[in-house]
Amino acid sequence: MAISTRMTRRRLFAASLGLLAAPAILREKAEAAVTGASRRMDITPLPEINQFKLGSYKFTVVRDGINISEKPYETYGTNQDPETVQALLTANFLPADKLLNGYAPVLIDTGSDLILIDTGFGAGGRARGLGKLAEGLKVAGYSPEDVTLVALTHLHGDHIGGLMENGAPAFRNARYVIGEAEYDFWSNTAREGTPAEGGHKAVLANVTPLVEKATFIKDGASVAPGMTAMLAAGHSPGHMVFHVESEGRRLVLTGDTANHYILSLLRPDWEVRFDMDKAQAAATRRKVFDMIGADKIAFLGYHMPFPAVGFVERQNGGYRFVPKTYQFDI
């Protein structure tokens with residue numbers, strides 16, 4: 001009987017310790033749920049994707065990564081006083097001294113083709129947390145081998161870096177559509193010894209190995225059923241935008257026509273450091289976004305806030321960006 005009593009007391013004591021510990025464990029779990037804290041620090045977040053339908057076409061937008069930089073006025077509004085640029089950012093609830101830039105390649109599943117528009121940074125950006133396109137495709141249920149067509153808005157590094165992987169084509173079953181004027185400019189040896197030499201070398205490394213499977217297009221060319229190219233030069237010599245239509249629904253892939261939803265759209269005439277022909281780029285912005293605004297159609301801008309899709313309406317001499325919500329879901 002004494003042994004039984006001692007055993008019972010031990011069990012009660014142990015149980016009481018468990019009851020005392022339980023609130024602390026529950027508090028810890030609750031705090032982790034609220035704060036996102038985890039004992040595991042090696043968890044890699046999945047790449048962000050966003051999917052929607054345009055008629056019978058299925059779009060998958062992948063966030064290839066983000067980049068944060070200082071002094072926005074050194075990139076946007078370079079023909080304005082820095083204080084003017086900072087004031088516009090502040091008025092729109094954005095930091096005046098920092099800039100976040102995202103990159104948004106998009107996959108279009110037409111049912112007969114799987115079309116990739118631009119390719120992100122690829123392997124060259126992964127050390128900086130970029131180059132997530134391949135992961136994004138996998139999350140969406142696709143593989144690089146599924147891609148049948150790659151269409152490039154232009155040939156800057158953040159659009160062509162993902163074309164090659166370990167010295168071989170990343171999309172081995174794909175054919176390519178490239179602006180003729182764009183390729184002629186960047187592949188020309190006249191770029192050597194100029195500020196465009198870095199871009200020239202990138203094109204030789206990433207694009208030139210693919211020319212045998214490429215079609216070089218001009219303004220108005222058909223890219224695929226329901227998809228037409230339009231020359232929109234200025235940001236680069238042969239920059240293209242692509243009009244997509246399915247079952248009466250329309251969307252324009254604007255590439256780098258406008259690179260910031262406030263600084264480029266509200267102030268389309270402000271100069272941008274990365275625009276090679278700044279006057280032409282400003283005129284192109286107005287031409288493209290006047291059309292998009294007048295027709296009330298959607299656009300996907302490569303550097304717009306993720307998922308990079310929205311609409312514009314004219315406002316105070318510029319354009320107000322209206323991000324998509326559920327328009328494509330019902």
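Excluded from the calculations below are hydrogen atoms, water molecules and symmetry mates; all remaining heavy atoms, backbone and side chain alike, are included.
For the pair Asp118 (side chain) and Thr153 (backbone), a donor-acceptor distance under 3.5 Å is present. For the pair Glu182 (side chain) and Gly238 (backbone), a donor-acceptor distance under 3.5 Å is present. Gln327 contributes a side-chain N or O that, together with a main-chain N or O of Thr325, makes up a donor-acceptor pair within less than 3.5 Å. When atom types are taken as modelled, the side chain of Thr78 and the backbone of Glu74 share no donor-acceptor pair closer than 3.5 angstrom. With Asp113 contributing its side chain and Thr148 its backbone, the two residues share no donor-acceptor pair below 3.5 Å. Here the side chain of Asp219 pairs a donor or acceptor atom with the backbone of Leu231 at under 3.5 angstrom. Proximity of a side-chain donor or acceptor of Asp109 to a complementary backbone N or O of Lys58 within less than 3.5 Å is not detected. Proximity of a side-chain donor or acceptor of Thr119 to a complementary backbone N or O of His159 within less than 3.5 Å is detected. Judged by distance alone, the side chain of His303 and the main-chain N or O of Gly102 form a donor-acceptor pair under 3.5 Å. Formation of a donor-acceptor pair under 3.5 Å by the Lys71 side chain with backbone atoms of Asp97 is not found in this model.
Within 6.0 Å of NZ on Lys287 lie no more than 12 heavy atoms contributed by other residues, nucleotides or ligands. Lys138 NZ: 12 or fewer foreign heavy atoms inside a 6.0 Å radius.
Under the 4.5 Å side-chain heavy-atom criterion for Ile, Leu, Val, Met, Phe, Trp and Tyr, Leu152 and Met276 are members of the same hydrophobic cluster. In this structure, Met230 is a member of the same hydrophobic cluster as Ile297, with clusters built from ILVMFWY side-chain heavy atoms closer than 4.5 Å. Linking ILVMFWY residues whenever their side-chain heavy atoms come closer than 4.5 Å, directly or via other members, leaves Tyr142 and Val61 in distinct clusters. Cluster membership for Val244 and Val312, using ILVMFWY side-chain heavy atoms within less than 4.5 angstrom, is not shared. Clustering ILVMFWY residues whenever any of their side-chain heavy atoms sit less than 4.5 angstrom apart, transitively, puts Leu116 in the very cluster that holds Val211.
Between His235 and His156, the two ring planes are perpendicular [angle over 60°; tilted spans 30° to 60°]. Between Tyr183 and Phe216, the angle of the ring planes lies from 30° to 60°, which puts this pair in the tilted group. A perpendicular orientation is assigned to the rings of Tyr302 and Tyr103, their planes being inclined by more than 60° (bins at 30° and 60°). Aromatic ring orientation, Phe52 versus Phe328: tilted (interplanar angle from 30° to 60°).
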Original post:
For Leu263 and Leu88, what are the C-alpha separation, side-chain angles and deciding distance, and is it a side chain to side chain contact (heavy atoms under 4.5 Å, CB included)?
Top reply: CA-CA 8 Å; Leu263 299 175; Leu88 183 63; 3.9 Å; yes

**OP:** Go through the steps to decide whether Asn101 and Ser69 satisfy the test side chain to side chain contact (heavy atoms under 4.5 Å, CB included), and finish with yes or no.
**Re:** CA-CA 8 Å; Asn101 193 16; Ser69 58; over 6 Å; no

**OP:** Could you please spell out the steps behind the ring pair (Phe, Tyr, Trp, His ring centres under 6.0 Å) verdict for Phe289 and Phe299?
**Re:** CA-CA 9 Å; Phe289 287 100; Phe299 80 100; 5.1 Å; yes

**OP:** Quick one: do Val309 and Leu251 satisfy side chain to side chain contact (heavy atoms under 4.5 Å, CB included)? Show the steps, please.
**Re:** CA-CA 9 Å; Val309 181; Leu251 181 145; 4.3 Å; yes

**OP:** Might you work through the side chain to side chain donor-acceptor pair (under 3.5 Å) test for Asn259 and Tyr76, ending with a clear yes or no?
**Re:** CA-CA 9 Å; Asn259 285 348; Tyr76 295 93; 4.6 Å; no

**OP:** Dump the intermediate steps for side chain to side chain contact (heavy atoms under 4.5 Å, CB included) on Leu99 and Ile68, then the final yes or no.
**Re:** CA-CA 6 Å; Leu99 191 73; Ile68 298 175; over 6 Å; no

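The CE atom of Met240 sits 12.5 Å away from atom CD1 of Ile117, with the distance rounded to the nearest 0.5 Å. To the nearest 0.5 angstrom, Arg320 atom CZ is 11.0 Å from Asn316 atom CG. In this structure, the separation between CD1 on Ile160 and CG on Asn206 is 5.0 Å, given to the nearest 0.5 Å. Rounding to the nearest 0.5 Å places CZ of Arg175 at 12.5 Å from CG of Asn173. Atom CD1 of residue Ile262 and atom CZ of residue Phe93 lie 10.0 Å apart, to the nearest 0.5 angstrom. Rounding to the nearest 0.5 Å places NE2 of His239 at 11.5 Å from CD of Gln280.
Residue pairs satisfying the salt bridge (Lys or Arg N to Asp or Glu O under 4.0 Å) criterion with at least one member in residues 246-265, sequence neighbours excluded, are listed as follows: Arg250-Asp295.
In this structure the side chain of Leu107 never reaches within 4.5 angstrom of the side chain of Val62, judged on heavy atoms. Side-chain contact between Lys324 and Asn50 is present, with at least one heavy-atom pair separated by less than 4.5 Å. At a threshold of 4.5 Å between non-hydrogen side-chain atoms, the residues Val223 and Phe242 count as touching. At least one side-chain heavy atom of Leu89 sits less than 4.5 Å from a side-chain heavy atom of Pro72. Looking only at side-chain heavy atoms (C-beta outward), Lys296 and Phe311 stay at 4.5 Å or farther from each other. Residues Leu155 and Ser236 are not in side-chain contact: their nearest non-hydrogen atoms beyond the backbone lie 4.5 Å or more apart. Inter-residue side-chain proximity for Leu94 and Leu100 is flagged as unmet; no heavy-atom pair is nearer than 4.5 Å. Looking at Ile108 and Leu253, their side chains come closer than 4.5 Å, going by heavy atoms from C-beta outward.
Taking the charged nitrogens against the carboxylate oxygens, Glu197 and Arg191 have no contact shorter than 4.0 Å, which rules out a salt bridge. Arg285 and Asp275 are joined by a salt bridge, as a carboxylate oxygen and a charged side-chain nitrogen come within less than 4.0 angstrom of each other. Taking a cutoff of 4.0 Å between a charged side-chain nitrogen and a carboxylate oxygen, Asp269 and Arg286 qualify as a salt bridge.
Scanning both residues, Pro209 and Leu204, for their nearest heavy atoms gives CD-O, 3.3 Å. Taking each heavy atom of Gly317 and Pro268 in turn, the nearest pair found is O-CG, 4.0 Å. Here the closest heavy-atom approach between residue Tyr176 and residue Pro169 is recorded as OH-CB, 4.1 Å. Residues Ala104 and Leu300 approach most closely at O-CD2, 4.0 Å, considering heavy atoms. Of all the heavy atoms in Thr257 and Thr254, the pair that sits closest is OG1-O, 2.7 Å. For the residue pair Met164 and Leu210, the shortest heavy atom distance occurs at SD-CD2, 4.0 Å.
Using a 3.5 Å distance cut-off with no hydrogens or angles, the side chains of Asn79 and Lys278 do not pair a donor with an acceptor. No side-chain N or O of Asn92 forms a donor-acceptor pair with one of Tyr261 less than 3.5 Å apart. Inspection of the Ser222 and Thr228 side chains reveals no N or O donor paired with an N or O acceptor under 3.5 Å.
Taking the ring centre of Tyr319 as origin, the terminal cationic atom of Arg314 falls outside the region bounded by 6.0 Å and 45° from the ring axis.
Ring centers of His260 and Trp270: at least 6.0 Å apart, outside the cut-off.
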